[in-house]
Amino acid sequence: MLRIKYRYLDLRNATLLRNLKLRDEITRTVRRVLHENSFTEVETPILTKSTPEGARDYLVPSRLNPEKFYALPQSPQLFKQILMVAGMDRYFQIVKCFRDEDLRQDRQPEFSQIDIEMSFIDEEELFQLVETMMAAIYKETMDITIETPIPILKYQDAIDRFGSDKPDLRFGMEIVDLTDTVAGTEFKVFADVLKKGGQIRALNARKSSELLSRKALDDLTDLAKTYGAKGMAWIKVNADGLQSPITKFFKKEMLDAMMSKLGAEVGDTLVFIADTPKVVADALAHLRLDIGKRLNLIDESKICLAWVTEFPLLEYDAEEKRYVAMHHPFTAPRAEDLDKMESDPGSLSARAYDLVLNGNEIAGGSIRIHQSDVQQKMFKLLGIDKEEAEAKFGFLLEALQYGAPPHGGIAFGLDRIAMILTGSASIRDVIAFPKTQKATCLMTEAPSEIDTKQLKELKLKFDLS
RNA sequence: GGGGUCGUAGUUCAGCUGGUUAGAACGCCGGCCUGUCACGCCGGAGGUCGCGAGUUCGAAUCUCGUCGGCCCCGCCA
């Protein structure tokens with residue numbers, strides 16, 4: 001904690017200085033590549049309007065307009081789309097964004113985005129531009145030539161094979177579906193899940209018998225539980241037979257079928273999760289990563305980039321009892337799905353894409369909706385009625401009516417890219433003055449109390465009850 | 001909102017079940033050596049063990065509280 005308080009002293013540390021310099025090289029390269037490709041950097045407002053869909057906003061009270069607030073942007077999304085309407089065909093900006101949510105190793109309340117938007121493009125053109133940019137970044141900062149084009153992975157395949165929409169592709173150990181294989185089992189835990197329409201899936205941790213001790217398996221079980229699993233079944237394939245708390249519940253034929261599907265050999269450890277598809281995917285995704293680390297399967301020198309595409313357009317939010325946009329509400333559905341917007345919204349596929357680097361989401365974007373009527377339908381699907389849509393996004397709907405070119409874009413997490421390229425463990429190591437987990441700045445002691453005069457000017461008072 | 005973990009020298013950490021002057025490495029200072037390049041050798045300085053209370057003959061160690069850091073779940077369109 002001393003180190004963050006006296007950040008100016010810690011910054012004398014060679015590693016931090018090197019990180020900041022590498023970060024500078026990244027932004028310099030990005031600006032050069034984008035300028036070479038006819039992009040214009042345009043600044044958008046920091047004091048802007050609250051759009052309370054999504055993350056919590058940081059708010060700024062307005063002195064000249066008592067009881068009204070600006071919001072700090074969560075992203076320049078709407079401004080960049082409107083720039084497209086204005087005919088600024090190739091926009092970019094390296095820009096601060098703000099989200100008032102809890103912090104993580106890779107999450108700060110204010111973070112920097114490389115924000116890009118282009119008119120008259122499709123996914124392919126945008127991917128090419130991004131690949132040029134990523135190749136230049138790696139070449140100029142690390143002198144590494146990356147392979148292009150970057151492979152494309154469909155969202156559903158990513159979930160099925162890795163349990164995650166941001167898989168770490170530096171190692172294998174893919175998920176195996178055993179739901180059909182164990183149909184009719186007497187093992188109550190699996191049978192109950194099957195009855196409720198859940199899944200049984202598993203991983204084969206090859207040659208792990210020595211590293212995955214009983215204690216390690218208990219730790220893995222606890223890990224699975226943090227993602228909602230009730231437990232984790234396991235089988236160790238020893239030279240003298242199977243060691244497992246669950247094999248006794250299975251008939252030999254079924255057990256053989258499971259083993260063969262998993263390609264089990266002596267020395268392997270098999271771990272199973274049975275639950276709803278979401279829990280199975282979450283738990284196995286994290287088990288895969290954890291086991292990968294324990295077994296030292298991850299080649300740190302590898303650079304595995306992948307596009308993840310064909311995300312669902314909407315996700316059903318059980319708590320709010322409505323659909324929410326998986327990416328954001330301005331993302332275009334695929335053209336062939338347009339007629340299903342009313343009949344079967346849950347099945348819609350989005351023209352959205354993420355760029356994943358070694359298991360980290362480093363960028364995300366989409367082809368946007370450029371027709372006012374489609375945008376209005378989208379709001380309707382999200383349970384945003386006409387008045388609310390008008391109040392929050394009226395300026396966008398209106399702008400679209402003036403004729404917007406087809407457009408799309410992407411936003412990169414600059415801090416995350418810098419974190420990965422410098423090999424840092426935390427995003428804080430590539431930010432000159434980062435905030436703590438409670439979103440405070442130990443050096444300046446922000447946030448801080450303000451004096452009564454300031455409150456009065458802003459016509460604010462605290463409810464001290 | 002919840003769970004976990006940590007707080008000991010400038011830094012990274014060790015200090016087991018409570019027991020005399022709290023240790024190591026690196027760094028720092030002084031000296032010596034030097035064809036060195038993660039130099040080597042000798043010597044030295046440096047610590048309210050986060051804070052407060054309790055248990056005890058005795059607390060870095062146990063208990064409670066408190067402050068803070070970090071990690072995770074939720075959250076992050």
> Do A:Val271 and A:Asn204 come within less than 4.5 Å of each other through their side chains, counting heavy atoms only?
Replying inline: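 Not in contact.
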
> Is the closest side-chain donor-acceptor distance between A:Arg31 and A:Thr29 under 3.5 Å?
Replying inline: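 Checked: A:Arg31/A:Thr29 side chains show no N/O donor-acceptor pair below 3.5 Å.
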
> Going through the distances and angles, do A:Arg288 and A:Glu174 end up as a salt bridge (charged side-chain N to carboxylate O under 4.0 Å, His left out)?
Replying inline: CA-CA 8 Å; A:Arg288 175 174 173 271; A:Glu174 297 192 14; over 6 Å; no

Nearest-Å distance once atom [atom1] is located in both [N] and [M]:
N	M	atom1	value
B:G69	B:C64	P	22 Å
B:A22	B:C71	C1'	29 Å
B:G50	B:C70	C1'	15 Å
B:U36	B:C72	C1'	48 Å
B:G65	B:G23	C1'	30 Å

> A:Arg56 CZ to B:C75 P: how many Å, rounded?
Replying inline: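 Between P of B:C75 and CZ of A:Arg56: 11 Å.
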
> Whole-Å distance between B:G2 P and A:Gln437 CD?
Replying inline: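 Answer to the nearest Å: 14 Å.
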
> Between A:Glu101 and A:Ser426, which has a closest nucleotide on RNA chain B that is more 5'?
Replying inline: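 Closest to the 5' end, via its nearest nucleotide, is A:Ser426.
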
>> Taking the nucleotide of RNA chain B with the nearest heavy atom to each, does A:Asp282 or A:His327 sit closer to the 5' end?
In response: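 First, find each residue's nearest nucleotide; the 5'-ward one identifies A:Asp282.
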
What does [X] touch in the nucleic acid at a heavy-atom separation under 4.0 angstrom: a base, only the sugar-phosphate, or nothing?
X	result
A:Ser75	base
A:Arg104	base
A:Glu315	nothing
A:Phe330	nothing

> Is the NZ or CZ atom of A:Arg428 positioned over A:Phe433's six-membered ring, under 6.0 angstrom from the centre and within 45° of the axis?
Replying inline: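 Because its charged atom misses either the 6.0 Å distance or the 45° angle limit, A:Arg428 does not stack over A:Phe433.
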
